[in-house]
Structures are given as structure tokens and as C-alpha cells.
Number of protein chains: 2
Amino acid sequence: MKRNSRLSLALHTLGHMVLDPDRVRTSADIAAHAGTNPVVVRRVLGRLREAGLLTSEKGASGGWRLACNPNNITLADVYLALDECIFVTGKDEHAPACAVEHALHRRISRVMTEVEQNLVKRLSETTISDIR
Amino acid sequence: MKRNSRLSLALHTLGHMVLDPDRVRTSADIAAHAGTNPVVVRRVLGRLREAGLLTSEKGASGGWRLACNPNNITLADVYLALDECIFVTGKDEHAPACAVEHALHRRISRVMTEVEQNLVKRLSETTISDIR
DNA sequence: GATTAATGCAACAGCATTTGTTACAATTTG
DNA sequence: CAAATTGTAACAAATGCTGTTGCATTAATC
């Protein structure tokens with residue numbers, strides 16, 4: 001796999017859950033279907049649980065389930081739950097002393113913010129029930 | 001530095017060139033100002049030369065110069081010259097056998113393509129002369 | 001209660017990508 | 001010829017993501 005496989009894994013799993021909502025799935029089942037490792041599945045789906053999109057149950061006959069109506073879960077919810085930063089965050093900014101650098105940063109930040117908002121808006125127009 | 005520093009380095013350098021277009025700059029000068037290595041500068045600016053935005057001259061008193069009117073160089077030109085793929089390209093697609101995966105890929109690809117186009121459109125609204 | 005099956009989590013290995021560095025050939029000026 | 005500069009290849013270092021192992025915890029079942 002490569003970058004952004006978290007979003008793919010998350011949406012792929014949710015897509016299947018929509019088709020058969022009553023079935024409880026173990027990390028091992030999901031991992032086998034997605035061609036990855038159960039721990040990776042727990043890592044990714046754990047984010048979705050924190051965001052209230054999934055629930056998990058420990059112990060025998062435990063596993064993963066949708067936490068709410070799939071019509072209320074949009075692709076944007078999943079994207080935001082994963083905290084993906086497709087764009088440069090600029091977390092390592094060192095207070096640019098150079099005026100050009102400063103002006104540049106303002107311009108680019110504004111564009112990136114707008115484009116990110118556009119992305120989220122587009123993603124929010126599709127629910128996971130629409131994936132079929 | 002970190003990821004996407006190529007775009008920053010490129011725009012930062014172009015921004016300074018606009019302010020003093022007659023000055024020829026060596027990779028060493030540029031690298032010292034940007035806090036990086038001359039070879040890195042050549043790597044990045046080389047892309048801009050291939051795209052026709054800069055020229056370089058070898059030998060003593062050689063260096064880098066703008067290749068055209070800065071009013072004609074937009075941020076989108078620079079972004080595209082660097083071949084940055086902010087979005088998932090999906091080059092490693094393995095012909096998804098799973099129907100859910102397939103439907104998902106179509107949806108996401110469409111959104112990503114639209115958002116990428118939006119990004120380029122926004123970037124094309126600013127020239128490097130506007131950075132000040 | 002013991003066993004079994006599952007999540008949660010930490011730690012680390014492996015791999016890919018990006019950046020930084022060194023070295024050297026080729027080119028241009030003086 | 002000497003000095004300065006780009007071009008490029010090769011490699012080291014750092015970073016981030018994925019995969020893996022191990023183990024504690026929890027819940028169902030016998």
C-alpha cells in the first residue's frame with residue numbers, strides 16, 4: 001500500500017458494513033478482505049470509533065459495527081475523523097523573517113484553506129450509503 | 001525542512017528574483033538564503049528551467065535568471081512545473097475485484113480531480129509579481 | 001473458574017520518499 | 001590554465017507509514 005490507504009481502508013470497510021449492517025466484523029475478517037493486518041485495521045477504525053462512527057466490542061464474539069444510520073455518515077465525516085492532512089499544515093513554521101517568505105505563506109495558506117474547504121464540501125455530498 | 005518544501009523553495013526564490021530581476025543568482029547564494037544545499041536548489045530550479053520559467057548558465061559568472069516576464073508566471077505554473085501530486089494519484093491501482101472498492105474509487109477519483117482542478121485554478125489567479 | 005476469542009496498545013522492524021551531502025565531470029570566464 | 005559554476009550520480013540521514021509481534025484486558029462459553 002501507500003499513502004492515504006487509511007481513507008481507502010476506512011471507506012471500504014464502511015461500504016461493506018452498509019450492505020450487511022447486522023453482521024459484526026472482527027479486525028481479522030476485515031484485514032483479510034482488505035489485504036492488510038488486523039492491527040492496522042484497529043488503528044484506522046479506532047479513529048472512526050473516537051469520532052462516533054463505529055463501535056467496537058471486546059471479548060469473544062466481539063468486533064466492529066456501525067454506530068449510527070449510514071445515511072448520516074458522509075465521506076467528509078470519515079475524512080475528518082481520520083485527521084488526514086492532505087495539504088501542507090505549516091506546523092513547522094519558524095516565523096519567517098524574510099518578507100517574501102511571509103507574503104508567500106499568507107497567499108498559499110489562503111488558497112490551501114479554501115481548497116481544503118472545497119474538498120470537505122464535496123465529500124459531504126456523498127454518504128457511505130451512496131457507495132454502490 | 002519537510003514535505004512540500006520544493007514548492008516553497010521555488011516560490012521563495014522566484015519572489016526574490018521578481019524584486020531584482022537583473023541580478024544573476026548562484027545556487028550557493030540561493031541555498032544560503034533558503035537554508036538548504038546548492039544541489040537541492042539545482043534539483044528544484046532545474047524543474048522550473050525545464051518548464052521554461054528560468055534559465056541557468058554554467059561556468060564562472062553563471063547562475064539563475066528569470067526566463068520570462070514575471071507577470072506571465074502564475075503560482076499554478078510553478079506548481080505544475082514541479083509535478084507535485086498533492087492528491088492521491090492512484091497509480092498503484094490493482095483493478096479492484098471488490099465491487100465496493102470499485103464504486104468507492106470512482107467516487108473518490110471524481111472528487112479529487114475536481115478539487116485538484118480547483119486548486120490549480122486558484123493558483124493561476126496569482127502571479128509571482130503579486131507576492132509582496 | 002478456565003478457556004477461548006476478541007480488542008487495545010506499545011514497541012519495533014521494513015520500506016518508500018524526501019532532503020542533505022559528497023564527489024566529480026562539463027562548461028564558461030578571465 | 002585557473003577559478004567558478006551548473007549537472008548529475010551516488011549515497012547518507014531523516015521522516016512517515018505500514019506491517020508485525022507481544023502482551024494486557026475484556027467478554028462469552030463451556
Side-chain angles (χ1 to χ4, degrees), chain A residues 1-10 12-13 17 23-51 53-67 79 82-92 94, chain B residues 1-10 12-13 17 23-51 53-67 79 82-92 94:
Chain A
M1 282 190 179
K2 71 174 215 182
R3 197 156 164 239
N4 222 356
S5 61
R6 291 198 297 265
L7 185 59
S8 296
L9 175 58
H12 186 182
T13 304
M17 285 177 163
R23 177 171 161 207
V24 176
R25 281 154 228 263
T26 67
S27 304
D29 291 342
I30 296 167
H33 181 76
T36 183
N37 191 289
V39 178
V40 175
V41 171
R42 279 175 215 135
R43 249 182 238 156
V44 173
L45 300 193
R47 304 274 195 120
L48 303 189
R49 183 189 52 228
E50 288 167 17
L53 307 180
L54 289 180
T55 59
S56 64
E57 285 147 30
K58 287 183 174 182
S61 80
W64 299 87
R65 245 186 252 269
L66 286 173
Y79 171 77
L82 291 181
D83 217 27
E84 309 262 309
C85 260
I86 286 199
F87 301 99
V88 190
T89 53
K91 286 279 177 59
D92 62 341
H94 47 289
Chain B
M1 282 191 181
K2 70 172 214 182
R3 200 152 167 239
N4 221 358
S5 62
R6 291 199 298 265
L7 185 60
S8 297
L9 175 58
H12 186 183
T13 303
M17 285 177 163
R23 179 173 160 203
V24 176
R25 282 154 227 264
T26 67
S27 305
D29 291 343
I30 295 166
H33 181 77
T36 183
N37 191 290
V39 177
V40 174
V41 170
R42 281 175 216 137
R43 248 183 238 157
V44 173
L45 299 193
R47 304 274 195 118
L48 304 189
R49 184 189 52 228
E50 288 166 19
L53 307 181
L54 289 179
T55 60
S56 64
E57 285 147 30
K58 285 184 175 182
S61 80
W64 300 87
R65 244 188 253 268
L66 287 172
Y79 171 77
L82 292 181
D83 215 27
E84 309 261 309
C85 260
I86 287 199
F87 300 98
V88 190
T89 53
K91 287 275 177 57
D92 62 343
H94 48 289

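Here is how names work: the chains are called A, B, and so on, in the same order as the sequence lines, proteins then strands, and each is numbered from 1.
Rounded to a whole Å, the CG atom of Asp29(B) is 12 Å from the C1' atom of dA4(D). Between Leu45(B) atom CG and dT8(D) atom C1' the separation is 15 Å, expressed in whole Å. Rounded to whole angstrom, the span from the CG atom of Asn37(A) across to the C1' atom of dG22(D) amounts to 13 Å. Here the C1' atom of nucleotide dT18(C) and the CD atom of Glu84(B) are 11 Å apart, to the nearest Å. When rounded to the nearest whole Å, the span between CG of Leu82(A) and P of dT18(D) equals 10 Å. Between the P atom of dA5(C) and the CD1 atom of Ile30(A) lies a distance of 18 Å, rounded to the nearest Å. Look at CZ on Arg47(B): it is 14 Å from C1' on dT8(D), rounded to the nearest Å. Nucleotide dT6(D) holds its C1' atom 14 Å from the CD atom of Glu50(B), rounded to whole Å.
Residue contacts for Gly46(B): at a heavy-atom cut-off of 4.0 Å it reaches no nucleic acid atom on any strand shown.
For Arg43(A) and dG8(C), a side-chain-to-base donor-acceptor distance below 3.5 Å is absent, hydrogens and geometry of angles not being considered.
The side chain of Thr36(B) contributes an N or O atom lying less than 4.0 Å from OP1 or OP2 of dG20(C). The shortest distance between the side-chain N/O atoms of Ser56(A) and the OP1/OP2 oxygens of dG8(C) is below 4.0 Å. Remark: Ser5(B) is in phosphate contact with dT19(C), judged by side-chain N or O atoms under 4.0 Å from OP1 or OP2. An OP1 or OP2 oxygen of dT7(C) is reached within less than 4.0 angstrom by no side-chain nitrogen or oxygen of Arg49(A).
Partner of Val41(B) under the side-chain contact (heavy atoms from CB on, under 4.5 Å) criterion, chosen from Asp29(B), Thr36(B), Thr13(B): Thr36(B).
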Using nucleotides 23-28 of chain C, report all nitrogen or oxygen pairs with the protein that are shorter than 3.5 Å.
from, atom 1, to, atom 2, distance (Å)
dT28(C), O2, Ala60(B), N, 3.0

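Closest approach of Thr26(A) and Trp64(A) over heavy atoms only: C-CD1, 4.3 Å. Taking all atoms of both residues into account, the shortest heavy-atom contact from Ala28(A) to Pro38(A) is CA-CG, 4.0 Å.
By the salt bridge (charged side-chain N to carboxylate O under 4.0 Å, His left out) test, Arg65(B) pairs with Glu57(B), sequence neighbours left out. Legend: residues meeting salt bridge (charged side-chain N to carboxylate O under 4.0 Å, His left out) with Glu84(B), ordered by chain and number and at least two apart, are Arg6(B).
Listed for the Arg47(B) side chain is a donor-acceptor partner under 3.5 Å among the backbone atoms of Leu82(B).
In this structure, the nucleotide among dT21(C), dT18(D), dT18(C) sitting nearest to the side chain of Arg6(B) is dT18(C).
Arg43(B) CZ to Asn37(B) CG: the interatomic distance, rounded to the nearest 0.5 Å, is 8.0 Å.
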